[in-house]
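Have a look at the structure below, then the notes.
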Amino acid sequence: MTIRVLLFASWSEALGSRVVEVEVGSGATAADVLAAVESRAGGASLARPAVAVNQRIVDPATPVDERDEIALIPPVAGG
Amino acid sequence: MTIRVLLFASWSEALGSRVVEVEVGSGATAADVLAAVESRAGGASLARPAVAVNQRIVDPATPVDERDEIALIPPVAGG
Amino acid sequence: MRALVARTAIDPAALLQEVAASGNGATLLFTGSVRDVNDGRAVTGIDYDAYESMAAAELERIVAEAAQRFGTPDVVAVHRIGYVAVGELSVAVAAAHPRRAAAFDAARYVIEELKHRLPVWKCEHYADGERVWQDARVAEAVR
Amino acid sequence: MRALVARTAIDPAALLQEVAASGNGATLLFTGSVRDVNDGRAVTGIDYDAYESMAAAELERIVAEAAQRFGTPDVVAVHRIGYVAVGELSVAVAAAHPRRAAAFDAARYVIEELKHRLPVWKCEHYADGERVWQDARVAEAVR
């Protein structure tokens, strides 16, 4: 299935886009989606992000669906 | 000697003045000054004040002089 | 660094400007105002009496201590005296620092110290027309 | 109670007004601004990226938690995103309460939580023309 992934900060810059689409098998997890996006980033020096599904950070083992809103969340620093 | 004593808050109100003069013997202490002012206050319900000499709170045993600036400092509550 | 005991209204925006500096990432403003109710009684205002010269000197000492202890010159405090109506500011403290923890701590230090050290006294005025010196209430309480 | 993630300048006076209530004796305002130097480098501004919809929802949760935990509805927080020049405000929190300890604690809670939980990221712009995403610097640091 095709998963749209929202990107921010250094991840967005490294991939030159605010959103990428990756192909993963059915039953894929948040970790699988992250691995698929990482393979696109080449050797860029990027902090390992968490994955948010529908605006909540999830465990990497959480299954994902094409209808989910999925985003990579690098280490945050507001303020 | 004659000591001028500055009064504030309920003490000022009870004695009807911002300042009183009391007579004390030479060698009198802060405690003696306080006792002299208290005798003027009658039975008014007043919190026991500290005594400031030249704008610093002093020990009751501190000797006072007519040239000192002496004040009764009731329990404070700024803010 | 500035400390003031004044009879005029407090302008918090002016205090914020006063502590601004391009190296300060964090700014704290505390304001205290007269509440409409205290211990269950409807309050209309508070008359603040003060030993003005000593209060001004003590507030300066407190501000200087905060500046020294928390490492910033950008600390100001103003205490109003005289009659202050409900909702009006009686006290304001501003502190700025490169880091937020120190800005919080500096402002907190100033307000806690001034509550305990400033020779300032409150006479609460109530909606029913009565007024009570708060220093005398302490006397009642400890009897 | 209000939380906002916005691209427009922050007005601290408006926040103070928003938390004012006649029962609140204590009001706290925290503002964070872009410092001119960070880790020894001259900074000209910070570009804040955000996952806007999630950041807005998370900031609302944080404000609601503070209101509940410290017992006051009078808590507001605004985080600016986009480019913020040196000296401009990036974040502001106001909290008011009958008592000062709770006002301090509520404001502190909101700022600490948002620093750790808001999906917001900084790209520092330096005087020498370089710019660095701070989330990537974390990556360098943990290698």
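Throughout, protein chains are lettered first and strands after them, A, B, ... in sequence-line order, and every chain is numbered starting at 1.
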Review point. Can you say whether D/Ala21 sits under 4.5 Å from chain C via the side chain, the backbone, both, or neither, judging by heavy atoms?
Key: neither

Check your understanding: Measuring from D/Arg100:CZ to C/Arg108:CZ, what's the distance to the nearest 0.5 Å?
Key -> 7.0 Å

Study note, to complete from the structure: Under 4.5 Å to a heavy atom of chain C? For D/Ala26 that would be both

Review point. If you take all heavy atoms of C/Pro98 and D/Arg35, which pair is closest and at what distance?
Key: O-CD, 3.6 Å

Practice item. For atom CD of C/Gln17, decide whether the heavy atoms of other residues, nucleotides or ligands shown that lie under 6.0 angstrom number more than 12. Key: no

Study note, to complete from the structure: Highest number of heavy-atom pairs under 4.5 Å with chain C among D/Thr31, D/Ile111, D/Asn24 belongs to D/Thr31

Exercise for review: Give the C-alpha distance, both sets of side-chain angles, the deciding distance and a yes or no for side chain to side chain contact (heavy atoms under 4.5 Å, CB included) between C/Phe104 and D/Leu28.
Suggested key: CA-CA 10 Å; C/Phe104 267 92; D/Leu28 235 287; 4.3 Å; yes

Check your understanding: Among residues 61-73 of chain C, which residues come closer than 4.5 Å to chain D, judged by heavy atom distances?
Key -> none

**Study point:** Part of C/Ala101 within contact of chain D (heavy atom distance under 4.5 Å)
**Key:** both

Study note, to complete from the structure: Closest heavy-atom pair, C/Gly23 versus D/Asp36, reported as atoms and distance to 0.1 Å, is CA-OD1, 3.5 Å

Check your understanding: In Å, rounded to the nearest 0.5 Å, how long is the span from CG of C/Leu16 to CG of D/Leu16?
Key -> 7.5 Å

Check your understanding: What's the spacing between D/Thr27 OG1 and C/Leu29 CG if we round to 0.5 Å?
Key -> 8.5 Å

Exercise for review: Check whether more than 12 heavy atoms from other residues, nucleotides or ligands sit under 6.0 Å from atom CZ of D/Arg117, and answer yes or no.
Suggested key: yes

**Study point:** D/Val37, part contacting chain C, at a heavy-atom distance under 4.5 Å
**Key:** neither

